[in-house]
Amino acid sequence: MKYKILIIDDEEMLLTMLKKCLQAENFLVYTADSAEKALELMSVSPDIILLDINMPQMDGLELCQYIREHISCPIIFLTARVAEQDIIKGLSVGGDDYITKPFRIEELLARILAHLRREERKNKSSSLKFDKELIIDYNGRNVFWGEQPLIFSNKEFEIIQLLSQNAGMVFDRETIYERLWGCDSEGDSIVVKEHIRKIRNKLADYTDKNYIETVWGVGYKWIK
């Protein structure tokens with residue numbers, strides 16, 4: 001997968017140079033020489049943005065503050081300003097890093113890759129749920145006890161996902177059935193009870209903790 005990088009700078013020579021260098025590093029590169037064009041390119045959902053501070057009309061600080069309300073990818077300022085106050089202002093409006101002009105392409109590339117690795121770790125961790133040795137990988141649809149994979153059917157995993165992502169919230173059997181099987185499915189919510197029994201039995205082979213608690217007369221909830 002190619003990372004998408006958006007470079008916003010009014011220096012055409014710099015845009016051309018950076019585009020050529022980053023394409024050689026297998027990036028998918030988009031360029032904008034104005035805030036207006038940059039805003040049009042936000043639809044490509046860049047993975048990282050390089051943003052010049054000294055831009056005409058809307059400067060980089062104002063543009064950063066505006067787009068930060070709608071996009072969360074890393075933003076690295078490219079700036080000829082070296083005053084500490086300028087740097088602080090850039091970071092305070094939503095920038096993640098800065099590099100002063102002139103710069104070495106090797107340093108810029110290193111910073112870009114560092115931010116992308118950090119984003120990958122953040123996104124990966126947000127797709128996992130840890131409780132002591134129990135690990136739920138929502139993206140991979142896997143459950144582990146330590147390094148030991150636990151085997152659950154698709155519907156068993158979907159029950160685990162629904163309850164664990166809403167820990168502490170009580171779901172009755174009918175709600176679980178409608179969400180996971182659908183309102184038009186032929187069957188009965190009693191199937192939920194059987195699936196939860198199987199989930200508990202599989203977890204009981206590794207832990208005494210009852211992750212799915214029965215709230216009598218109401219339904220089930222995941223213990224935080």
Side-chain angles (χ1 to χ4, degrees), residues 1-129 136-141 161-162 165-166 179:
M1 180 192 75
K2 288 187 176 184
Y3 286 112
K4 292 177 286 187
I5 185 165
L6 172 59
I7 311 171
I8 309 166
D9 199 300
D10 62 338
E11 295 182 42
E12 288 296 336
M13 288 183 62
L14 181 61
L15 284 180
T16 301
M17 184 271 290
L18 288 177
K19 183 175 183 178
K20 182 178 179 180
C21 291
L22 292 170
Q23 282 179 333
E25 297 293 334
N26 208 34
F27 285 93
L28 188 58
V29 182
Y30 300 86
T31 61
D33 58 5
S34 67
E36 182 180 4
K37 187 173 180 181
L39 291 173
E40 292 174 359
L41 287 170
M42 289 302 152
S43 60
V44 305
S45 299
D47 296 299
I48 192 166
I49 295 171
L50 304 183
L51 175 56
D52 181 29
I53 289 182
N54 294 319
M55 299 279 291
Q57 299 173 342
M58 181 187 293
D59 69 20
L61 296 174
E62 187 180 353
L63 178 59
C64 176
Q65 192 168 19
Y66 180 79
I67 64 177
R68 183 51 89 206
E69 297 176 4
H70 308 282
I71 196 165
S72 62
C73 74
I75 297 175
I76 301 177
F77 278 116
L78 304 178
T79 178
R81 303 183 184 182
V82 294
E84 182 178 354
Q85 191 57 41
D86 290 327
I87 293 167
I88 292 172
K89 189 173 182 181
L91 298 177
S92 68
V93 297
D96 297 282
D97 200 355
Y98 70 93
I99 187 165
T100 55
K101 299 177 180 179
F103 52 81
R104 293 185 300 115
I105 192 66
E106 294 82 4
E107 181 184 356
L108 176 62
L109 181 61
R111 294 200 185 199
I112 291 170
L113 294 175
H115 281 283
L116 291 172
R117 286 193 299 268
R118 190 175 297 115
E119 285 296 295
E120 282 187 351
R121 290 195 298 270
K122 183 175 72 175
N123 292 335
K124 184 176 181 180
S125 64
S126 66
S127 71
L128 300 174
K129 184 179 184 70
I136 305 172
D137 176 5
Y138 297 115
N139 287 348
R141 297 177 66 84
Q161 182 174 18
L162 173 63
Q165 288 185 331
N166 298 278
R179 287 204 185 188

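Numbers here simply count residues along the sequence, with the first being 1. For the numbers below, each heavy atom of this structure counts, side chains included, while hydrogens, waters and symmetry mates do not.
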**Validation row: L61, I53 side chains within 4.5 angstrom (heavy atoms)** = yes
**Message:** For V29, is there any backbone N or O sitting under 3.5 Å from a side-chain donor or acceptor partner on K4?
**Reply:** no
**Request:** Using the test side chain to side chain contact (heavy atoms under 4.5 Å, CB included), find all partners of E107 that sit at least two apart in sequence or belong to another chain.
**Result:** I99, R104, R111
**Close side-chain approach of F77 and C64, heavy atoms under 4.5 Å** = yes
**Message:** Do P46 and I71 have side chains that approach each other closer than 4.5 Å (heavy atoms only, starting at C-beta)?
**Reply:** yes
**Request:** Please say whether more than 12 non-hydrogen atoms of neighbouring residues, nucleotides or ligands are located less than 6.0 Å from CD in E36.
**Result:** no
**Prompt:** Could you walk me through whether D33 and L15 pass the side-chain contact (heavy atoms from CB on, under 4.5 Å) check?
**Reply:** CA-CA 8 Å; D33 58 5; L15 284 180; 4.1 Å; yes
**Request:** Kindly write out the residues that satisfy side chain to side chain contact (heavy atoms under 4.5 Å, CB included) with Q65, not counting sequence neighbours, or none if the list is empty.
**Result:** V93
**Message:** Between H115 and D97, do the side chains contain a donor N or O and an acceptor N or O under 3.5 Å apart?
**Reply:** yes
**Message:** Are there over 12 heavy-atom neighbours, none belonging to E12, within less than 6.0 Å of that residue's CD?
**Reply:** yes
**Request:** Kindly compute the distance separating CD1 (I112) from CG (D47), expressed to the nearest 0.5 Å.
**Result:** 11.5 Å
**Asked** Side chains of L22 and L109: closer than 4.5 Å at any heavy-atom pair?
**Response** yes
**salt bridge (charged side-chain N to carboxylate O under 4.0 Å, His left out) partners of residues 37-46, not counting sequence neighbours, each pair once** = none
**Request:** Report the distance from atom CZ of F27 to atom NZ of K19, rounding to the nearest 0.5 Å.
**Result:** 15.0 Å
**Asked** So, D96 and R68, do they make that salt bridge, N to O below 4.0 Å?
**Response** yes
**Prompt:** Are the charged groups of K101 and E11 less than 4.0 angstrom apart, N to O?
**Reply:** yes
**Request:** Flag the pair I105 / L18 as yes when at least one side-chain heavy-atom distance between them is below 4.5 Å, and no otherwise.
**Result:** yes
**Value rounded to 0.5 Å, distance of CG in L51 from CG in L78** = 7.5 Å
**Item:** From CG (D10) to OG (S34), nearest 0.5 Å
**Value:** 9.5 Å
**Complete:** When rounded to the nearest 0.5 Å, the distance separating CD1 of I76 from CG of L50 is 5.5 Å
**Asked** Are any non-hydrogen side-chain atoms of I8 and D52 less than 4.5 angstrom apart?
**Response** no
**Message:** With heavy-atom distances below 4.5 Å as the criterion, would you say the side chains of Q161 and R141 are in contact?
**Reply:** yes
**Request:** State, to 0.1 Å, how close A32 and L41 come at their nearest heavy-atom pair, and which atoms those are.
**Result:** CB-CD1, 4.0 Å
**Request:** Check for a donor-acceptor pair, side chain of N166 on one end and backbone N or O of L162 on the other, with a separation under 3.5 Å.
**Result:** yes
**Prompt:** Do you know which two heavy atoms are closest between A35 and M58, and how far apart they sit?
**Reply:** CB-CB, 3.8 Å
**Message:** Quick one, I49 and M42 - any side-chain contact, counting heavy atoms below 4.5 Å?
**Reply:** yes
**Request:** Hey, could you give me the CD1/CG distance between I48 and L113, rounded to the nearest 0.5 Å?
**Result:** 8.5 Å
